[in-house]
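Report on one structure; see the data block that follows.
For ligands, and for the atoms within them, numbers begin at 1 and follow the listed sequence. Values below: all heavy atoms of this structure, side chains included; hydrogens, waters and symmetry mates excluded.
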Amino acid sequence: MIRDHYDGAAPGWARGATLVYAPIAEQLVARARGAALGHVLDVGAGTGVAEAPLRAAGAARIVGVDLSHDMLTWDRDGRPPAVVADVMRLPFRDESFDAAVAAFVLNHLTDPVGGLVELARVTRPGAGLLASVFANTARSENRDAVDDVARVHGWSPPAWYLDLKENATPLLGSAASMTRAAVAASLSDVEVQEADVDVGVTDPRALVDYRFGQAQFAQWIAALDPSTYAAVRAAAIDAVGRAMQPYRPRVVFLSARRNR
Ligand SMILES: C[S@@+](CC[C@H](N)C(=O)[O-])C[C@H]1O[C@@H](n2cnc3c(N)ncnc32)[C@H](O)[C@@H]1O
């Protein structure tokens with residue numbers, strides 16, 4: 001059975017991590033370039049950051065998929081239909097969707113080509129496929145300062161996160177590797193761009209809330225009493241505030257089509 005490493009992460013994700021992931025989702029969906037989106041599959045949908053840009057871009061219907069029930073049920077009343085499933089084995093018939101979006105989920109796979117092939121299977125010929133991952137070269141001293149403060153206060157990266165960073169994330173984290181994967185999955189019209197994204201995070205409080213909203217911190221934060229967490233957050237804000245740079249994460253974007 002596959003473990004849900006995002007269990008318990010939804011509130012932090014929705015209130016914090018979204019500050020960075022939502023602007024990137026907007027940029028990802030913009031890569032559809034006005035193409036009719038129709039019935040869209042949002043894989044690794046999480047708390048739903050891609051849904052508003054998809055609707056704004058004209059998606060007629062959206063279906064979310066995620067391994068994490070917790071992430072999918074965040075704000076459930078306002079969300080499209082969704083199913084808990086693995087992107088490697090999607091519970092849909094061939095050619096069910098007109099487009100698919102995979103925001104920061106293919107980087108969780110040790111077989112990203114297999115993930116792209118599965119997305120192609122459930123989309124119709126010619127359908128648009130959009131994906132994003134962080135670049136392997138993405139660096140931020142401010143983000144590292146937040147992690148350092150967490151370590152000083154007893155956090156250590158969970159084993160699943162170390163495994164992800166070692167065995168999955170590096171596989172797609174460059175324009176060259178994303179292009180190779182898309183070609184190996186027999187996608188066409190492959191366009192890959194590596195870009196620094198201005199996510200509008202210029203305030204140390206926003207950077208800290210983004211970072212502490214990520215799943216690798218969720219269990220540790222949940223175990224802290226509120227006053228301890230407030231002190232850790234204040235220390236992280238102080239550490240970042242000394243030399244805050246606007247946060248501009250480097251992202252690899254894929255836009256492609258399922259072969260006709
Ligand atoms: C980094 S979060 C991104 C969430 C959302 N797309 C966003 O941009 O905010 C990755 C999401 O992918 C989900 N996920 C990880 N591996 C998955 C898999 N094999 N199949 C489906 N979902 C997966 C996680 O549960 C998590 O919700």
Side-chain angles (χ1 to χ4, degrees), residues 1-31 40-54 59 62-76 79-80 82-92 97 99-119 121-122 129-135 138 143 157-158 160-161 163-165 167-169 171-173 197 199 201 209-219 249 251-254:
M1 195 182 131
I2 301 175
R3 285 271 319 277
D4 169 13
H5 301 302
Y6 282 72
D7 190 32
W13 197 276
R15 297 184 186 121
T18 292
L19 295 168
V20 165
Y21 285 84
I24 302 176
E26 272 182 38
Q27 294 219 3
L28 178 62
V29 172
R31 283 167 163 77
V40 184
L41 178 64
D42 179 10
V43 287
T47 55
V49 300
E51 290 160 14
L54 282 171
I62 303 169
V63 172
V65 163
D66 202 290
L67 270 185
S68 175
H69 180 269
D70 183 50
M71 295 289 272
L72 278 185
T73 50
W74 177 261
D75 195 21
R76 177 90 307 262
R79 303 273 306 273
V83 58
V84 174
D86 186 348
V87 63
M88 300 301 292
R89 283 174 295 280
L90 292 167
F92 305 111
F97 296 92
V101 175
F104 297 100
V105 61
L106 299 178
N107 49 309
H108 289 67
L109 307 179
T110 51
D111 177 13
V113 174
L116 285 168
V117 167
E118 183 64 349
L119 287 181
R121 179 187 72 75
V122 300
L129 302 180
L130 299 171
S132 57
V133 300
F134 288 117
R143 195 192 55 193
W160 68 263
Y161 180 71
D163 181 49
L164 183 79
K165 289 289 164 192
N167 298 313
T169 306
L171 301 178
L172 278 188
V197 180
V199 292
V201 169
D209 289 341
Y210 146 68
R211 190 61 176 165
F212 281 164
Q214 292 195 297
Q216 65 270 26
F217 294 99
Q219 282 197 358
V251 177
V252 180
F253 291 101
L254 166 70

Sub-4.0 Å atoms of ligand 1 with respect to non-hydrogen atoms of [X]:
| X | answer |
| --- | --- |
| Ser68 | 25 (O) |
| Trp13 | 1 (C), 2 (S), 3 (C), 9 (O) |
| Asp86 | 18 (C), 19 (N), 20 (N) |

Close approach of [X] to ligand 1, heavy atoms, under 4.0 angstrom:
| X | value |
| --- | --- |
| Thr18 | no |
| Ala50 | no |
| Ala25 | no |
| Asp66 | yes |

Once you restrict to heavy atoms under 4.0 Å, what part of [X] touches ligand 1? Side chain, backbone, both or neither.
| X | answer |
| --- | --- |
| Val49 | side chain |
| Ile24 | neither |
| Ala215 | neither |

Please verify the inter-ring angle class for His108 with Tyr6; under 30° counts as parallel, over 60° as perpendicular, anything in between as tilted.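 Answer is tilted, since the angle falls between 30° and 60°.
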
Geometric class of the Phe92/Phe97 ring pair [parallel <30°, tilted 30-60°, perpendicular >60°]: perpendicular

Purely on distance, is any nitrogen or oxygen of Leu109 under 3.5 Å from one on ligand 1?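 No, since none of the N or O atoms of Leu109 sits under 3.5 Å from an N or O of ligand 1.
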
Check whether any N or O atom of Val87, backbone or side chain, sits under 3.5 Å from an N or O atom of ligand 1, and answer yes or no.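 N/O-N/O distance below 3.5 Å exists for this pair.
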
Please find out if less than 6.0 Å separates the ring center of Phe217 from that of Tyr210.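 No; Tyr210 has its ring centre 6.0 Å or more from that of Phe217.
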
